[in-house]
Amino acid sequence: NQERHLRLDLYYRCWWDSDAEFSHSGLLERPILTAGDPQQVSQPGAVLVYAKKFSHAFLEARSSTPPTRHSYQEILYVVKGKGSIVGGEKKVPIEDGTAMLLPPNMEHTLENDSSQPMEILILTEELPPNFKPRPDMLVRYLRQLPITHISHWSYAVRWLFKDEDGLARLTNVLIVTQDAMTIGSPHAHVPLWEEVWYKIEDDGLLFVGSEIRKMPNGCGYIAPPDGITPHSVINTTDHPQTYFYFAHYLTSGH
């Protein structure tokens, strides 16, 4: 990596490395990765082309956000906590493992019913020209989703949202589980291929180029899209580990 002048710290960020922002008039949010140019990174974490921003947030115990709406599309994932969300005319319970796809300009409210802060991941998308958003909020519960396939040797994939569910610029949003004492097959991605991994729960290991680093719970990285740098994650523990994952795959139609 040093010989190729690849600075991994530009592609890898933890939420506590960012200054806190107040969003939704009730969430304490810290950006992990933001919009930028992954070929010429100007500041750490400014690497996203297809997603607008990827953040970590807390909603305080026994609290709620006021009704909020955005011009962009928003995907929320509950890491810890229990409560409910109101989106449009629908109110549903939420808990750890709940994913919500909120189309643009839909009024929504988050409620935390528990005595502990609710931990949430926030992924936003700007809308491409002529994009037709879905008309309603889509909610998925991880515990109800099957493992659809095994990818790159050891990644057990559960789909939260796909392109056909109404994603604007991303191809998919997943939860990936990696079995104990396994490694994913190292591989590289070409320019304009956007793939992000975020560690949930306990700590893992990432492998990017010539470096292996600890990947604590709360940290994420984008695979450098240069067609050269291999990447993977490694589980050296005696139990499965979990990642939140989103990507835009480069195809002939893009």
Side-chain angles (χ1 to χ4, degrees), residues 1-21 23 29-57 70-77 101 104 121-131 133 152 161-163 166-174 176 184 186-199 206-213 215-216 218-233 243-254:
N1 287 357
Q2 289 180 350
E3 291 175 358
R4 295 183 47 245
H5 306 290
L6 189 147
R7 293 174 54 197
L8 183 53
D9 287 337
L10 297 177
Y11 300 87
Y12 168 81
R13 295 282 283 167
C14 305
W15 60 261
W16 52 82
D17 291 329
S18 301
D19 293 333
E21 304 172 354
S23 72
E29 179 178 343
R30 291 178 183 263
I32 304 166
L33 301 176
T34 57
D37 183 354
Q39 308 301 322
Q40 296 181 337
V41 186
S42 59
Q43 61 185 24
V47 292
L48 300 177
V49 175
Y50 297 98
K52 171 183 171 67
K53 186 169 65 171
F54 177 49
S55 301
H56 174 279
H70 318 286
S71 60
Y72 49 83
Q73 184 153 275
E74 192 168 60
I75 297 154
L76 307 177
Y77 182 80
L101 175 58
L121 300 179
I122 304 175
L123 176 60
T124 59
E125 299 179 282
E126 292 285 12
L127 307 182
N130 303 317
F131 174 72
H152 294 295
F161 302 118
K162 303 180 183 181
D163 185 28
L167 294 176
R169 305 189 72 192
L170 296 172
T171 305
N172 56 42
V173 181
L174 315 173
V176 177
H187 58 283
H189 293 307
V190 297
L192 298 182
W193 187 298
E194 186 162 289
E195 183 174 299
V196 171
W197 292 75
Y198 174 86
K199 190 71 186 70
L206 65 84
F207 163 50
V208 176
S210 61
E211 296 179 61
I212 294 177
R213 289 193 184 186
M215 189 174 180
C219 299
Y221 78 94
I222 183 173
D226 56 14
I228 301 172
T229 304
H231 81 102
S232 178
V233 292
Y243 294 84
F244 181 86
Y245 167 108
F246 62 90
H248 170 91
Y249 299 150
L250 187 65
T251 66
S252 59
H254 290 74

**Study point:** Matching residue for W197 among F246, F54, Y245 - test: ring pair (Phe, Tyr, Trp, His ring centres under 6.0 Å)
**Key:** Y245
Practice item. Sequence neighbours left out, what pairs pass salt bridge (Lys or Arg N to Asp or Glu O under 4.0 Å) with at least one residue falling in residues 220-231? Key: R4-D226
Exercise for review: Can you run down the salt bridge (Lys or Arg N to Asp or Glu O under 4.0 Å) pairs that involve residues 30-54, sequence neighbours left out, and say none if there aren't any?
Suggested key: E21-K53, E29-K53, K52-E126
Find the distance between [atom1] ([X]) and [atom2] ([Y]) and round it off to the nearest 0.5 Å.
| X | Y | atom1 | atom2 | answer |
| --- | --- | --- | --- | --- |
| E74 | I122 | CD | CD1 | 5.5 Å |
| I32 | W16 | CD1 | CH2 | 9.0 Å |
| L10 | Q43 | CG | CD | 10.0 Å |
| H248 | W193 | NE2 | CH2 | 9.0 Å |
| C219 | D17 | SG | CG | 7.0 Å |
| L192 | Y249 | CG | OH | 15.5 Å |

Which heavy atom of [X] sits nearest a heavy atom of [Y], and at what distance?
| X | Y | answer |
| --- | --- | --- |
| M215 | G220 | CE-CA, 3.9 Å |
| A188 | G227 | CB-C, 3.8 Å |
| A168 | F131 | CA-CE1, 3.5 Å |
| G184 | S232 | O-OG, 2.6 Å |

Check your understanding: Any salt bridge between D9 and R213, counting N to O under 4.0 Å?
Key -> yes
Where the side chain of [X] meets the backbone of [Y], is there a donor-acceptor pair that is under 3.5 Å apart?
| X | Y | value |
| --- | --- | --- |
| E125 | R169 | yes |
| Y11 | P38 | yes |
| Q73 | L101 | no |
| N1 | S210 | yes |

Any heavy-atom pair between the side chains of [Y] and [X] that's under 4.5 Å?
| X | Y | result |
| --- | --- | --- |
| S18 | P31 | yes |
| T229 | L6 | yes |
| L123 | V173 | yes |
| L250 | V190 | yes |
| Y12 | L206 | yes |
| L8 | Y221 | no |
| T34 | V47 | no |
| Q39 | P191 | yes |

Check your understanding: Do Y243 and Y198 pass the ring pair (Phe, Tyr, Trp, His ring centres under 6.0 Å) test, and can you show the C-alpha distance, the side-chain angles, and the key distance before you say yes or no?
Key -> CA-CA 5 Å; Y243 294 84; Y198 174 86; 9.0 Å; no
Practice item. Assess whether side-chain contact (heavy atoms from CB on, under 4.5 Å) is satisfied between D163 and L170, documenting all intermediate values. Key: CA-CA 7 Å; D163 185 28; L170 296 172; over 6 Å; no
Check your understanding: Would H231 and E195 count as a side chain to side chain donor-acceptor pair (under 3.5 Å) if you check the C-alpha gap in whole Å, the side-chain angles of each, and the deciding distance to 0.1 Å?
Key -> CA-CA 10 Å; H231 81 102; E195 183 174 299; 3.2 Å; yes
